[in-house]
Each structure stands twice: as structure tokens, then as C-alpha cells.
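Data block below; observations after.
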Amino acid sequence: MSVRVRIAPSPTGDPHVGTAYIGLINYCFAKRHGGKFILRVEDTDQTRCTPESAQAIYASLRWLGLNYDEGPDVGGDRGPYVQSERVKLDLYRKFAEQLVDQGDAYYCFCSARELDVMRKRQQANGEPIMYDRRHRGIDRNEARERAAKGEPYVVRMKAPLNGEFVYRDRLRKQPVVKGWKEIDDQVLLKSDGWPTYHLAAVVDDHLMGITHVIRAEEWLNSLPKHIWLNERLGFTAPEYVHVGLLRNADKSKISKRKNPTSLLWYRRQGFLPEALLNFLALLGHSHPEGKEKFSVEELAAVFDLDRINVAGPVFDLAKLRHLQGQWFRELSAERMKEEIHRAVDARIDQLLPMLKERMACGGDYLTQVEPFYADQVQPHADDLIPKGWDKADATAVLAEVQKLVKSYLAGDNPVWDAPSVETLLREAMTERSLVPEGATDAQRKGAALWQPKGLFMLLRVAATGRKESPPLFDTLAAIGGLKLVERLGHAQLKLR
RNA sequence: GCUCCGGUAGUUCAAUGGCCAGAACGCCGGGCUUUCAACUCGGAAAACCGGGUUCGAUUCCCGGUCGGAGCACCA
């Protein structure tokens with residue numbers, strides 16, 4: 001039987017590096033065995049999924065060169081490849097009903113509110129959190145009548161009450177063993193009539209002839225449900241293989257708070273697909289000859305699922321940069337020029353509106369734009385001391401602003417655009433320019449520093465190295481928060 | 001809390017029931033360069049702990065510990 005594997009991302013938000021990672025593994029596995037690599041979009045959560053996000057997934061996979069043999073925008077004879085379209089064809093309901101008929105599933109009429117109360121109580125009592133199966137014994141015909149009258153319901157699987165589940169994952173030393181009593185009566189069909197992940201994935205994997213499900217470790221715990229569903233539905237289950245999750249530096253599951261997770265970001269940033277893929281390949285897998293730099297084709301030729309290391313690898317951007325450098329420097333002059341053009345173009349769109357008034361010809365762009373690209377700027381110490389200030393004043397204020405920006409950036413989801421930078425600074429100024437009653441002369445003097453005139457020039461010079469620049473807040477926004485913090489620090493050194 | 005998974009330098013990955021546990025990134029130092037980068041040479045740096053099996057355990061087994069994941073009408 002020929003190999004058929006799939007990736008099944010959910011189109012919520014930006015396309016994720018994790019998708020690329022799992023995609024790469026599946027892609028190589030398929031190529032290695034002369035099989036098919038399939039993309040299926042799992043958009044059964046009507047509240048969270050968007051078509052734009054699905055488009056971004058297609059575009060990103062194409063950018064990476066992880067071309068799928070079958071998928072939403074390329075077709076195939078096991079389609080459609082988008083679950084919402086499959087819902088319209090009523091592909092899932094009949095399997096849910098089949099299970100109900102077999103006595104392997106049942107209608108449940110609990111409301112969300114009811115379930116919430118139940119969960120809270122379990123939590124308070126330190127009990128395991130799971131559905132208490134109150135409708136499990138419900139009469140099937142009676143239940144269907146209630147449903148026919150319009151009462152909202154879900155269909156739940158009737159998980160075995162006892163016994164053990166054993167499954168061997170080829171990548172794990174020990175077989176996966178789990179007591180059935182730990183396993184919940186999972187919802188299969190939601191009250192909106194759409195399937196949950198569990199039902200949809202099992203049904204589709206079967207219908208699409210998937211032979212190996214290679215997915216992230218986070219699914220390991222629901223493996224019994226999936227095997228059970230296959231069994232009760234009379235399907236031959238695919239082989240399930242679970243690989244480790246990409247991690248942040250602190251070993252938690254990779255998140256956008258702590259790492260760039262959006263494939264869009266890597267593309268925008270100018271990373272080459274070859275380099276990203278090469279880097280991803282190094283995480284969790286190793287080349288049999290110990291090679292470090294290789295193409296996807298090379299990898300596919302030697303790829304061995306059993307060489308995958310299941311411990312979650314920490315995603316290390318520094319290593320990616322190194323590899324990217326290797327690939328980048330090997331580019332032909334022609335291609336390198338293209339890459340540079342792309343990078344510059346992207347930045348021009350952002351910067352041009354604020355720079356154009358200060359330009360008289362195209363070449364001026366190069367001088368105007370320098371502060372926005374440069375790693376460092378070199379302000380003159382003299383320029384860093386506004387009129388009427390002394391060195392200590394400037395240093396103190398720079399340090400204060402630096403601290404302010406730093407803590408702002410460390411906060412929850414910091415927005416860094418002109419309005420937010422302005423708000424941040426103006427609030428700080430208002431606060432600090434207040435003179436408390438009975439203030440000392442020193443306090444009075446300190447407070448006086450937090451006026452736009454001197455402060456804005458100081459920040460401008462520290463941030464750009466120049467006394468003239470586009471409007472301050474636009475400038476600070478375009479430079480970026482992290483770089484600004486660096487430059488504020490650098491300016492303090494200049495004053496020493 | 002319950003269940004499951006994992007543990008070799010800071011990070012990613014090797015090899016190995018027995019010789020000095022090997023590489024890459026990062027770090028430190030040297031060379032090249034006006035400088036930086038690239039390149040190159042060198043250096044520091046690792047088997048979670050305890051028990052068992054064995055002549056011998058980083059490797060196999062058990063327990064602990066630490067880390068992670070899952071416990072939704074999300075996927």
C-alpha cells in the first residue's frame with residue numbers, strides 16, 4: 001500500500017512555524033516512500049477560522065516549496081480538502097449516527113452552563129475534570145424525538161468504562177498505556193451540527209486513505225479516542241506517530257510571545273525557504289552523515305522517521321540566522337539583488353510617507369533612511385545635551401526613558417506604533433513634570449526636564465544620531481522598540 | 001489535581017554495554033582584515049539523582065526528581 005500522509009492545519013491566525021515543521025516531516029516521509037503528501041484544512045470551528053488564514057497557509061507552504069499533491073487549491077480525487085465543505089456534503093453526521101445506532105455514542109442535552117457548573121465543582125473537589133456521563137443511559141429514540149423538536153444536543157462517544165488501551169508509537173520506547181476510565185465521553189458532533197476535531201479527523205483520514213498520521217505530541221493524549229473511533233467505525237486505523245513540540249527557550253510550547261511563530265514574519269524578514277527548512281530539519285532529526293547544511297531534496301532522500309528525536313527541541317533563532325547566512329552568501333549576485341530589493345521595497349512602503357518631504361531626488365533616500373537601517377547611530381555628545389541641561393540631566397532622562405520603554409515592551413502584547421509611543425511618552429511626561437508641594441529645588445529642576453522642547457530633541461538625537469528627522473513619534477515607531485532601547489543605552493555611554 | 005511524554009555541553013544533533021562521549025550554533029582567545037563580517041586555528045563547556053541487572057551502564061530495568069503536554073460543543 002502506498003504511503004499517504006497529510007498535514008491538517010486549522011486556519012486561525014497566521015500560518016505557524018509548527019505547521020511548517022510537521023509539514024516538512026510529512027513531506028519528506030512521503031517523498032522518501034514515493035507516497036503522497038496532502039493538505040487538509042480543518043476549519044470546523046466556525047467562530048475562529050477565516051478564509052484569509054487558509055489562503056495564507058497555501059501561500060506559505062508554496063513559498064517554502066512544501067508542495068502538496070492533493071489539497072484545497074490543487075484538487076485531488078479524495079476531496080474536498082476543506083472540512084467546512086465536507087460538512088456541507090454531510091459527510092460526518094452519518095458516522096455519528098452510525099455510532100449512535102450501534103450504541104457507541106449518544107445524544108447529550110447538557111447546556112454549556114450546566115457543564116461549566118459541573119467542571120467548577122469537580123475542580124473545587126479536586127476530582128478529575130470530565131463529563132459525568134449523565135445522559136449516557138438515555139434512550140436513543142426518545143433522544144431523537146427531543147432533538148427533532150428542536151432541543152439542542154451534541155453527540156458524545158460512549159467510551160469504554162474500564163480496561164486498558166495499549167498502543168505502540170514507533171518513536172517511543174514504551175508502549176502507550178492508558179486506562180479507559182481516564183477517558184472522557186468526548187463530544188463528536190457539536191450542537192451546531194458540525195463535527196469536532198476528533199470525529200472529523202478520523203473520518204477524513206479514513207476517507208482520504210491516510211496511512212500514517214505524523215503529528216505533534218499534543219495529540220498523544222487523545223490517541224485512544226482516535227483509535228477507538230476507527231475501530232467502532234470499522235476503519236483500518238492509520239499508524240499514528242507523535243513528534244515533539246517546538247519549544248521556547250524556557251522549554252514551554254513555542255508561542256508568539258516568546259518567538260516569531262508566523263511564517264509570514266520569516267518571509268517578510270527575508271529568510272530563505274531553503275534556510276528555514278534546513279533549520280527546521282535540524283530540530284528533532286539528524287542527517288545520517290552528520291551533514292548540517294542540506295536541501296529538502298537531500299533530506300527527503302535519506303529521511304528516516306525513526307531518526308526523529310521526540311524530546312521537544314528549543315527553537316534557537318541564532319542558529320537559524322547562522323544557517324541563513326550560509327545559504328544567503330551562496331546566492332548568485334542576481335538572486336541576492338532580488339532579495340535585497342525585496343527587503344528594501346518592504347521597508348520603503350513604510351518609511352516613504354514620512355521621508356518624502358525631506359527629499360528632492362531619489363538618491364536622497366539613501367541618506368535619509370540611514371538611521372532606520374543602521375545597527376548603531378553615532379550621536380555627538382554635544383547634541384545630546386539640550387540647552388539649559390547638563391550632562392547628568394541628559395543621562396538621567398535617557399535612563400528613565402529607556403527603563404520606561406523596556407518595561408512597556410515587556411508588558412502584555414505591546415503595540416509599537418506612533419500613537420502608542422506618543423501616549424506612552426506623553427503620559428510619562430505629564431506624570432514626571434508635576435512639581436509636588438514643598439518640592440526641593442532639585443526636584444523642581446528634575447521635573448522641568450520633562451518638557452517637550454528639550455526632551456524631544458534629546459530623544460531624536462539619541463534615536464537617530466541627528467538633529468533633524470521626521471516627526472519624533474513616527475521615527476521612534478519606525479526604528480522599533482528594541483532598537484530604541486539599545487540606542488538609548490548607547491547615548492548614555494556617549495555622554496560618559 | 002489527574003493522565004501521558006521526555007531528560008547527552010547554554011542550544012540543536014551524534015556515537016557507544018568497555019579506549020579520551022563527537023560535531024554544529026553560541027561563548028572565550030589567536031590569525032587574516034584599517035575595522036567589522038566572512039573565513040580559519042585553538043579553548044572552556046555535557047550523561048538529572050538513587051537503586052538494580054552486568055566483570056563492566058551514559059547506554060538495559062525500576063523508583064524518584066525536574067521539564068513539558070493534555071484534561072473544551074478549539075484544533
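Each chain gets a letter, A, B and so on, in the order the sequences are listed, and its residues count up from 1.
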* Rounded off to whole Å, could you give me the OH-to-C1' distance for the A:Y167 and B:U3 pair? => 19 Å
* Asked: NA contact type, A:R40, heavy-atom cut-off 4.0 Å: base, sugar-phosphate, or nothing?
  -> nothing
* To do: Could you check which of B:U12, B:G6, B:C4 has an atom nearest any side-chain atom of A:P313?
  => B:U12
* Asked: When you compare B:A37 with B:A44, how far apart are their C1' atoms, in angstrom units rounded to a whole number?
  -> 24 Å
* Could you measure between the two C1' atoms, the one in B:C27 and the one in B:A46, and give it in whole Å? => 15 Å
Using a cut-off of under 3.5 Å, enumerate the N/O to N/O pairs linking the protein to nucleotides 72-75 of chain B.
residue : atom : partner : partner atom : Å
B:C73   : OP1  : A:R119  : NH2          : 3.0
B:C73   : O2   : A:S191  : N            : 2.8
B:C73   : O2   : A:S191  : OG           : 2.7
B:C73   : N3   : A:S191  : OG           : 3.1
B:C73   : N4   : A:C110  : O            : 2.9
B:C74   : OP2  : A:K190  : NZ           : 3.0
B:C74   : O2'  : A:D45   : OD2          : 3.1
B:C74   : O2'  : A:R48   : NH1          : 2.9
B:C74   : O2   : A:R48   : NH1          : 3.4
B:A75   : OP1  : A:T44   : OG1          : 2.7
B:A75   : OP1  : A:K190  : NZ           : 2.8
B:A75   : OP2  : A:Y197  : N            : 3.0
B:A75   : O3'  : A:E42   : OE1          : 2.9

* Can a salt bridge be assigned to the pair A:K253 and A:E217 using a cut-off of 4.0 Å between side-chain N and carboxylate O? -> no
* Test: A:R215 and A:E42 ion pair at under 4.0 Å -> no
* Asked: Can you check the A:L223 CG to B:C71 P distance for me, whole Å?
  -> 14 Å
* To do: Specify the separation, in whole Å, of atom CD1 of A:I308 and atom P of B:C5.
  => 19 Å
* Asked: Using atom P of each nucleotide, how far apart are B:U59 and B:A15 to the nearest Å?
  -> 16 Å
* Asked: Can you name the side-chain contact (heavy atoms from CB on, under 4.5 Å) partners of A:L283, sequence neighbours left out?
  -> A:Y21, A:L246, A:F279, A:L280, A:P313, A:F315
* Asked: Is a salt bridge present between A:R335 and A:E339, judged by a nitrogen-to-oxygen distance below 4.0 Å?
  -> yes
* Asked: Taking atom P in both B:C20 and B:C41, what distance in whole Å separates the two?
  -> 26 Å
* Asked: For A:Y107, is the NZ or CZ atom of A:R146 found under 6.0 angstrom from the centre of its six-membered ring and inside 45 degrees of the ring axis?
  -> no
* **P atoms of B:G26 and B:U12, separation to the nearest Å** => 15 Å
* Using atom types as modelled and distance alone, determine if a side-chain donor or acceptor of A:Q55 lies under 3.5 Å from a backbone N or O of A:P51. => no
* Quickly work out the A:L280 CG to B:C13 P distance and round it to whole Å. => 12 Å
* Asked: C1' atom, B:A9 versus B:U58: distance in rounded Å?
  -> 14 Å
* **Basic-acidic side-chain contact under 4.0 Å: A:R62, A:D73** => yes
* Now, which nucleotide makes the Watson-Crick or G-U wobble pair with B:C71, with each of the two distances under 3.5 Å? -> B:G1
* In whole angstrom, what separates A:E289's CD from B:A15's C1'? -> 15 Å
* Structure fact -> B/S/- along nucleotides 24-37 of chain B (protein heavy atoms under 4.0 Å) is BS------------
* When you measure from the side chain of A:L283, which nucleotide among B:U12, B:U3, B:C5 comes out closest? -> B:U12
* Asked: When the nearest nucleotide of RNA chain B is assigned to A:S286 and to A:V177 on a heavy-atom basis, which residue is associated with the more 5' position?
  -> A:V177
* Asked: Taking only residues at least two apart or on different chains, which pairs with a member in residues 40-65 of chain A satisfy ring-ring contact (aromatic ring centres under 6.0 Å, His included)?
  -> none
* Asked: Any side-chain N or O of A:K253 under 4.0 Å from OP1/OP2 of B:G70?
  -> yes
* To do: Please state how far atom NE2 in A:H226 lies from atom C1' in B:C4, giving the value in whole angstrom units.
  => 15 Å
* Taking atom P of B:U12 as reference, at what distance in whole Å does atom CG of A:L317 sit? -> 14 Å
* **Pair assignment for B:C20, Watson-Crick or G-U wobble, requiring both distances under 3.5 Å** => none
* Structure fact -> Result for salt bridge (Lys or Arg N to Asp or Glu O under 4.0 Å) between A:D205 and one of A:R78, A:R40, A:R4 points to A:R40
* Applying salt bridge (charged side-chain N to carboxylate O under 4.0 Å, His left out), name anything that partners A:R133, two or more places apart in sequence or on another chain. => A:D185
* Structure fact -> Atom CD of A:Q324 and atom C1' of B:A38 are separated, to the nearest Å, by 15 Å
* A:Q378 atom CD: more than 12 heavy-atom contacts under 6.0 Å -> yes
* To do: Return the nucleotide paired to B:A9: Watson-Crick means purine N1 to pyrimidine N3 with N6-O4 or O6-N4, wobble means G-U with N1-O2 and O6-N3, both under 3.5 Å.
  => none
* Apply the test salt bridge (Lys or Arg N to Asp or Glu O under 4.0 Å) to residues A:K190 and A:D45: give CA-CA distance (whole Å), side-chain angles for both, the deciding distance (0.1 Å), then the verdict. => CA-CA 10 Å; A:K190 301 185 260 187; A:D45 184 344; 5.1 Å; no
* To do: Evaluate the criterion side-chain contact (heavy atoms from CB on, under 4.5 Å) for residue pair A:H33 and A:T211; output intermediate values, then yes/no.
  => CA-CA 12 Å; A:H33 294 96; A:T211 56; over 6 Å; no
* To do: Would you classify A:G325 as touching base, sugar-phosphate or nothing, given that sugar-phosphate means primed atoms plus P, OP1 and OP2, and contacts are heavy atoms under 4.0 Å?
  => nothing
* Using a heavy-atom distance cut-off of less than 4.0 Å, which residues of residues 239-252 of chain A contact RNA chain B? -> A:L245, A:R247, A:K251, A:S252
